[in-house]
Amino acid sequence: MVVLRRLYTTPKDSGSRKIEAISNRRLSSVDALRGMVMILMALDHIRDFFNSSAMYFLPDDLTRTTPALFFTRWITHFCAPTFMFTAGIGAFLWWKQGRTKLELSRFLWTRGIWLVLLEMTVLRVAFTFGAGPLLLTVLWALGCSMIILGFLVYLPTGALAVLSLTVIALHNLADSVNASQLGAFAGLWNVLHQSGAVRLGGVFVVFAYPLVPWFAVMAAGFCFGEILLLDPERRRRWMIRIGLGATIAFLIIRGLNVYGDPQPWSSKAPGMVVLSFLKVTKYPPSLDFLLMTLGPAILLLALFEKIPFSARNPLIIFGRVPLFYFLIHLYVIHGLAVLFALVRYGHAGFMLTPLPSMGGSVKLYPPGFGYSLGTVYWVWIAVVVLMYPLCLWFANVKRRRRDWWLSYL
């Protein structure tokens with residue numbers, strides 16, 4: 001509370017610093033951070049499609065995993081929180097370009113609805129070619145969080161910051177509530193706080209990303225935008241304080257092992273104590289999960305403030321067209337998986353069914369299907385290389401043109 005009071009009561013300069021920050025439509029450090037997590041995200045999706053272990057167990061199953069597999073998954077935990085947080089920053093900077101709160105709300109509502117529609121159509125085809133249950137994942141959470149933020153932006157920034165941090169800090173108090181206890185309201189609880197499947201008509205809908213506390217992470221990013229209006233050295237000091245504070249808070253809260261995550265860590269795990277400590281809950285993201293990921297992400301943002309990125313740097317290019325990258329890279333990965341299967345097995349019809357890691361049946365796949373972790377990394381490098389010229393082209397299109405619809409891609 002002291003930090004919030006100091007931040008939101010700090011006198012602002014006559015306007016030169018704010019104009020400097022706003023006139024540069026996108027801070028390169030934010031773009032670079034977003035671009036980095038887009039690259040990491042591809043690694044996790046490639047692991048889902050290619051790695052043999054993904055057919056049979058989760059990479060954080062300490063009874064079966066290896067350190068290499070665990071950390072391949074763990075490093076990608078930084079993606080969703082950082083992407084949600086920077087989406088809030090992006091909304092703040094968009095508003096500060098002379099828009100009204102009403103214009104901001106309308107933009108957030110329409111973009112949010114658009115993302116939900118993309119989740120149910122384009123993303124569903126990319127993952128499963130439309131077969132199996134309807135998975136509502138990150139675009140669903142982003143879109144719904146934007147819709148919620150469209151209402152919340154009318155709160156004073158300080159009040160919104162307090163609300164966001166309170167939800168993030170206290171939502172784990174609801175971990176003991178199970179959807180099965182709520183009868184007719186079970187589906188609503190799956191939407192809000194507990195991952196689960198609901199049958200709607202003839203389709204199973206899987207709410208993989210409950211909205212609490214994701215909407216609060218986006219709202220916190222929106223409030224964090226105020227820091228970006230400070231002069232470079234001052235905002236960098238604030239980033240270091242906040243990032244370091246969150247990281248230390250993770251180590252303390254996780255170390256106490258009393259609150260912060262529904263999965264306590266164990267010192268009795270043979271050779272896996274560190275992995276047990278780092279195995280925190282993503283669905284929904286626990287307090288420990290968010291502190292563990294957003295703390296270092298904000299520290300990295302402070303580091304990126306000092307780096308003079310070129311306009312063609314891959315981090316900048318990927319960070320400026322994140323939705324385009326996200327949608328296209330999934331089709332590239334799925335296409336490569338089909339190609340690999342054709343070469344190895346002579347047929348690839350099974351690749352048109354949901355992956356076992358996404359609710360599909362392992363019986364539909366050839367025995368021993370999948371590739372080594374080393375192959376996953378080689379494919380990851382290839383996908384990132386393939387995505388660069390596509391994203392560079394689209395980034396140049398967005399730079400040259402100001403068509404309204406480009407803001408939705």
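We use all heavy atoms of the structure for the numbers below, so side chains are in, but hydrogens, waters and symmetry mates are not. Along the sequence shown, residues carry numbers from 1.
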Check: F326 ring centroid to F83 ring centroid under 6.0 Å = no

May I ask you to check whether F78 and F85 place their ring centres under 6.0 Å from each other?
-> no

In terms of the angle between their ring planes, are [X] and [Y] parallel, tilted or perpendicular, with boundaries placed at 30° and 60°?
X    : Y    : value
H329 : Y325 : parallel
H334 : F49  : tilted
F107 : W94  : parallel
F324 : W393 : tilted

Reported [atom1]-to-[atom2] distance for the pair [X] and [Y], which is rounded to 0.5 angstrom:
X    : Y    : atom1 : atom2 : answer
Y377 : I46  : OH    : CD1   : 10.5 Å
R64  : L58  : CZ    : CG    : 10.0 Å
R106 : T100 : CZ    : OG1   : 7.5 Å
I317 : M38  : CD1   : CE    : 13.5 Å
L339 : R344 : CG    : CZ    : 13.5 Å
F92  : M218 : CZ    : CE    : 15.5 Å

[X] side chain to [Y] main-chain N or O, any donor-acceptor pair under 3.5 Å?
X    : Y    : result
T65  : P59  : yes
T86  : I89  : no
K101 : V153 : yes
N51  : Y371 : yes
S145 : A141 : yes
E305 : S29  : no
D31  : I316 : no
N257 : W265 : yes

Is there a side-chain contact between [X] and [Y] (heavy atoms, below 4.5 Å)?
X    : Y    : result
F250 : T293 : no
V177 : H193 : no
W74  : L275 : no
W380 : D44  : no
N172 : D288 : no
L291 : V280 : no
W140 : V191 : yes
L355 : M55  : yes

Ring-face cation contact, W95 with R99, 6.0 Å cut, 45° max | no

M239 and F224: CA distance, side-chain angles, deciding distance, side-chain contact (heavy atoms from CB on, under 4.5 Å) verdict | CA-CA 9 Å; M239 290 175 188; F224 187 85; 3.8 Å; yes

What pair of heavy atoms forms the shortest contact from [X] to [Y], and how long is it?
X    : Y    : result
G243 : L299 : C-CG, 3.7 Å
A208 : T137 : CB-CG2, 4.2 Å
S286 : P262 : CB-CD, 4.2 Å
Y365 : P354 : OH-O, 3.4 Å
H171 : P213 : NE2-CG, 3.5 Å
Q194 : A179 : OE1-N, 2.8 Å

Count the heavy atoms belonging to other residues, nucleotides or ligands that lie under 6.0 Å from [atom1] of [X], then report whether that count exceeds 12.
X    : atom1 : answer
Y56  : OH    : yes
W114 : CH2   : no
R312 : CZ    : no

For side-chain contact (heavy atoms from CB on, under 4.5 Å), just list the numbers for D261 and T281, CA-CA rounded to whole Å, side-chain angles, deciding distance to a tenth of an Å, and then say yes or no.
-> CA-CA 6 Å; D261 197 281; T281 304; 2.9 Å; yes

Could you go step by step and tell me if Y154 and L102 meet the side-chain contact (heavy atoms from CB on, under 4.5 Å) rule?
-> CA-CA 9 Å; Y154 289 99; L102 180 59; 3.8 Å; yes

Carboxylate-amine/guanidinium proximity below 4.0 Å for E226 and R235 | no

After noting the C-alpha distance and the side-chain angles of L108 and L104, does the key distance pass the side-chain contact (heavy atoms from CB on, under 4.5 Å) rule?
-> CA-CA 6 Å; L108 287 169; L104 173 61; 3.9 Å; yes

